[in-house]
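A, B, ... follow the sequence lines: proteins, then strands. Residue 1 opens every chain.
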There are 2 protein chains.
Amino acid sequence: MLTPSCLQIVQIRIDEEKERTTFMVRLGGNEMRDGGDLKDGARERPTLKTIAFMTGLGITTVSRALKDAPDIGADTKERVRLVARQIGYQPNRAGVRLRTGKTNVIALVLSIEEELMGFTNHIVFGISEVLTGTPYHLVITPHASARDPMVPIRYILDTGSADGVIISRTEPNDPRVALMEERGMPFATHGRTNMGIVHPYHDYDNETFAREAVRRLVARGRKNIAIILPEGHLSYTGHSIKGFRDGLSLHGARSVPFDSVTVESPLTAIHDATRALMSGPDAPDGLISMAGGCTIAMVAGLEAAGKKLGRDVDLVSKQNSDLLKWIRPEIIAANEDIRAAGMELARAVLASIGGAAPESLQTLYQPSFAEDA
Amino acid sequence: MLTPSCLQIVQIRIDEEKERTTFMVRLGGNEMRDGGDLKDGARERPTLKTIAFMTGLGITTVSRALKDAPDIGADTKERVRLVARQIGYQPNRAGVRLRTGKTNVIALVLSIEEELMGFTNHIVFGISEVLTGTPYHLVITPHASARDPMVPIRYILDTGSADGVIISRTEPNDPRVALMEERGMPFATHGRTNMGIVHPYHDYDNETFAREAVRRLVARGRKNIAIILPEGHLSYTGHSIKGFRDGLSLHGARSVPFDSVTVESPLTAIHDATRALMSGPDAPDGLISMAGGCTIAMVAGLEAAGKKLGRDVDLVSKQNSDLLKWIRPEIIAANEDIRAAGMELARAVLASIGGAAPESLQTLYQPSFAEDA
DNA sequence: GATAATTACTGTAACGATACAGGAGATTTG
DNA sequence: CAAATCTCCTGTATCGTTACAGTAATTATC
C-alpha cells in the first residue's frame, strides 16, 4: 500500500493564465502521476482526483469507496471517507448528471394562478424541508395556466431536467399524468385523478369538507346553502360538489345556485356576486367557500348587502393559514395544511424515484375544523 | 462540401441490452465515422453529434455554428440551425456545465419566515417571468433564518451551483453580501446595504412610506402615532424608523412607543399587544404597519379594545396584495409590488452576470397609495 | 503444489459540450 | 508562380464522474 512518504513531487507546472498550479508526483516505483491542482488557499474545489492523490489510491477506488461498494476494503473506505470529510468533498453535480443521467432535481410545476394566501410559500417550504439533507435541489417551473400546461411537462421530459416532478391543480383526466406515466417519469400530484392510473398523490378530503360544512350549517339552523366552487375542470371541484350534494340530502338542506363566480375569480367579482346574491329574494342563510382568499371578499360582499355573519348567515370556509379568525371570528374555518402537503408530496416523489409502489404513496388528509380544537 | 448523398451507412450495431442502435457511416473519402445513435421514434435526445451526422459536419463545427462563431460560413450556420430546430435540439445542461462551469441557474435564497401574504409567490413568479425565454432555471434554496443564514450562501459558492444569487431580508451590514462580493459571485439583494459595497439591489422606499404615512395621519388630525416595525437587524427597519421620525418632526406629531412586537411576531401576540396598547392611557390615534399580515391582527386588536377605525384611530399599512380594502375599507394602504420586485431582481442578476456595472442595477420603487388612485 | 476462487484495487472509455491548435483549399500578394 | 493570407472546417483533450473489464496478490480447494 502506498503511504504518503513514498510520494514525491517532482515537477511543478504553473499556468499563469488559468491561475492554477499543477504538479506531477513520482510514486514508489518509477511511474509518474498527475497530482492534480495544488489548492491555493483551499479555494479550488476538491474532486475525486484530489482525494485519490491525497490517499494514494486510484480515482475509481475513491469513487467506489464513497459509494460503499462491496469490493473495497473496510479500512480503505474509512480512510477515504475521512479525507473526503476533511477537505469538504462534494460530488460535482454536472459530472454525476452527465455520466449517470441523474439530475438530483425535483421540479415543482406551478401555475401562476396558484396563489391564494401563501400556497406557494407553504408548499415550497414543505418540499424543501424534506429535501434538506438529501442531494436534491428544488427547481420551480412556472407556467401561465391559460396557456398549455403540457409545455413545462414536455420540457422536463424532453430535456431530462429532473428526476421527479410535483404538479398541482390536478384534473380528473389529466394529460400530464398520462404522459409522465408513459415516459416513466416519477411524479406526485397534489390532488387525485380518475383515469385508471395508479400514481402517487396527496390530497385533501374536500368531499368530506363540503359535506361536513353542510352539516355544521344545518346544525346552526341554516337550510338554504350556496357554495363557491373552484374552476370546473379541476379534480377537487368534483369532490366538492359530491360532498356538498351528499351533505344536502343527508342533512335536509337545499342548494342556492351560486355559479357566476369561482374561487379564482377576481375578488371584486366575488364581492359583487356575493352582494347580489345576498340582496336577492332567494338569499341563502348558509355559505361555503372552498378557499380562504375569496372568503374575505365574500364577507365584504354579504356585509355590503346588509347581512351580518352569525345572525343572518353563517359561513364555512377552508383556509391555508390561520388568518380568517382575525377577520371575522364568526367564520367557521377548516385548515388545509399546505406545508404538510408539500412534505407528503416530496416524500412521495422521492420514494417513487426509489422504486416504491405507487399505491403505497397516496395520502389523503382529513379536514380539521378550528372550532373543534 | 459534403452533401447527404456522399454519406453511406455501412455498419449497424444493435446493442440489445442498452436498447439502442448505433451505426457507422462511410464518408466521401474512405474514412469511417461513428454515426451515433439511430433514434427510435425520436425518443433519443438529439445532441451535437446527431446534428453533426445529419449535416455531415464535424461536432465542433456544429457547436460553433450554433454559437454564431465568426469562422463558420453563413450558409453552414443556416443549415445547422435549421436541422437543430427541426429535431428540437437543446444543449445538454450537464455537458455545458461540466465543460464551462456555467450552471444556467439562478438561486433564490429564502428565509422560511419570509411569508407575509404571498411574498414567496409574487417574487418567484416575478423572477420566473424574466427567466422565461432564457436558459436559466430557478432553484429555491431555503433556510431557517434562526440558523446561520450564511450556510446556503457558502454552499452555493463552494459548490458553484448557481451563476447568480438573489437574497432578501438584507441587513445594513450583511455578511452574505461581503462574501459573495469577495468571491465574485453575481447577486442582487432585495433591500439595500450600507457597507461601502456597490452592488445590484432592488428596494422599496420604506423611508418615504413611513414619512408619508405620518403625513396622511396628521392630515386626518392624528397626532399620537405608533408604528409596528420589522425585526431590528434588517435594513428596512432603519429606513422605516428614519422616515417615521422625519415625518413626526416634519408634521408635528409625536411617537407612541410600540416595540413589544414586530411585524414578524405571531399574530396572536400582535393582536394582544395592540389591544393592550389601545386600551391604555396613552393609546395612539394613529397606527402605522409595515406589513399587511400583521395589519389584520392589529385591526382585530384595536377593535377588541373597543376602538373603531376611522373614528377613534386611523391606520396606514403596507400590503403585498390588494386584500386589506376588503377587510376594512378604512385602512389607508400603500401597495408594494413584490412581483415587480422579483422582475427587477432577476433583471439585475442577469445583467450582473453579463458584466453590467452594479451602480446601473439599482432600483428603488416609490410607494403608491390606494387612496390616490 | 497446482488450480480455482476471492479480495482489493485500477485503467480506460464514455456521458455532451467547448477551448484550442491546427489544416486543407481558395484567394490575394509581390 | 511561390508565398502569404484568409475562409471554413476538424480532431483532440478536457471538465468530474461512473460502468466495465480487467489485474495482481492472497486465500481456499482438492
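Heavy atoms of A:Thr60 sit under 4.0 angstrom from at least one base atom. Contacts of A:Asn92 with the nucleic acid, taken as non-hydrogen atoms under 4.0 Å apart, involve only primed sugar atoms and P, OP1 or OP2. Nucleic acid contact for B:Thr100: sugar-phosphate only, since backbone atoms but no base atoms lie under 4.0 Å from a heavy atom of the residue. Among the atoms of the strands shown, only primed sugar atoms or phosphate atoms (P, OP1, OP2) are found under 4.0 Å from some heavy atom of A:Thr47.
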List, one per line, each side-chain donor-acceptor pair under 3.5 Å for residues 93-101 of chain A, sequence neighbours excluded.
{"from": "A:Arg93", "atom 1": "NH1", "to": "A:His137", "atom 2": "ND1", "distance (Å)": "3.4"}
{"from": "A:Arg93", "atom 1": "NH2", "to": "A:Asn104", "atom 2": "O", "distance (Å)": "3.2"}
{"from": "A:Arg93", "atom 1": "NH2", "to": "A:Pro135", "atom 2": "O", "distance (Å)": "2.4"}
{"from": "A:Thr100", "atom 1": "OG1", "to": "A:Val96", "atom 2": "O", "distance (Å)": "2.6"}
{"from": "A:Thr100", "atom 1": "OG1", "to": "A:Lys102", "atom 2": "N", "distance (Å)": "3.1"}

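The residue among B:Pro70 and A:Val96 whose nearest nucleotide of DNA chain D lies closer to the 5′ end is B:Pro70. Ranked by how close their nearest DNA chain D nucleotide is to the 5' end, A:Arg64 and B:Gly73 are led by B:Gly73.
Exactly one of B:Ile166, B:Val349, B:Val177 qualifies for a side chain to side chain contact (heavy atoms under 4.5 Å, CB included) with B:Phe187. That residue is B:Val177.
Atom-to-atom, CG of A:Leu66 to P of D:dT18 comes out at 8 Å; the value is rounded to the nearest Å. A straight line from CG of A:Leu98 to P of D:dT14 spans 16 Å, rounded to a whole angstrom. The distance from atom NZ of B:Lys102 to atom P of C:dA19 is 12 Å, rounded to the nearest whole Å. Note: CG (A:Leu48) to C1' (C:dT10) measures 14 Å, nearest angstrom. In this structure, the CZ atom of A:Arg93 is 17 Å from the C1' atom of C:dC15, given to the nearest Å. Computed from coordinates, the B:Phe53 CZ to D:dT10 P distance equals 14 Å when rounded to whole Å. Residue A:Lys67 contributes atom NZ, which lies 8 Å from atom C1' of D:dT17 at whole-angstrom precision. Between A:Ile59 atom CD1 and D:dG22 atom P the separation is 21 Å, expressed in whole Å.
Phosphate contact (OP1/OP2 of D:dG16, side-chain N/O of A:Lys49, threshold under 4.0 Å): absent. For B:Thr76 and D:dC9, the shortest distance from a side-chain N or O to OP1 or OP2 is below 4.0 Å. At the phosphate of C:dG16, neither OP1 nor OP2 sits under 4.0 Å from any side-chain N or O atom of B:Tyr89. For D:dT18, the OP1/OP2 oxygens have a side-chain nitrogen or oxygen of A:Ser63 closer than 4.0 Å.
A search for salt bridge (charged side-chain N to carboxylate O under 4.0 Å, His left out) contacts involving B:Arg154 returns B:Asp148, not counting sequence neighbours.
Side chain A:Arg99 to base D:dT18: a donor-acceptor pair is found below 3.5 Å. A donor-acceptor contact under 3.5 Å is not formed by the side chain of B:Asp71 with the base of D:dC8.
For the pair A:Thr47/A:Asn92, no side-chain contact is recorded, criterion being any heavy-atom separation below 4.5 Å from C-beta on. Residues B:Val165 and B:Val109 meet the side-chain proximity criterion, which asks for heavy atoms closer than 4.5 Å. In this structure, B:Gln86 and B:Met54 have side chains that are not in contact, with every pair of non-hydrogen atoms separated by 4.5 Å or more. A:Leu350 is listed as a side-chain neighbour of A:Leu131, based on a closest heavy-atom distance under 4.5 Å.
Judged by distance alone, the side chain of B:Ser63 and the main-chain N or O of B:Ile59 form no donor-acceptor pair under 3.5 Å.
Taking the screw axis at each terminus of the helix from C:dG1-D:dC30 to C:dG30-D:dC1 from five consecutive base pairs, the angle between the two is 50° to within rounding of 10 degrees.
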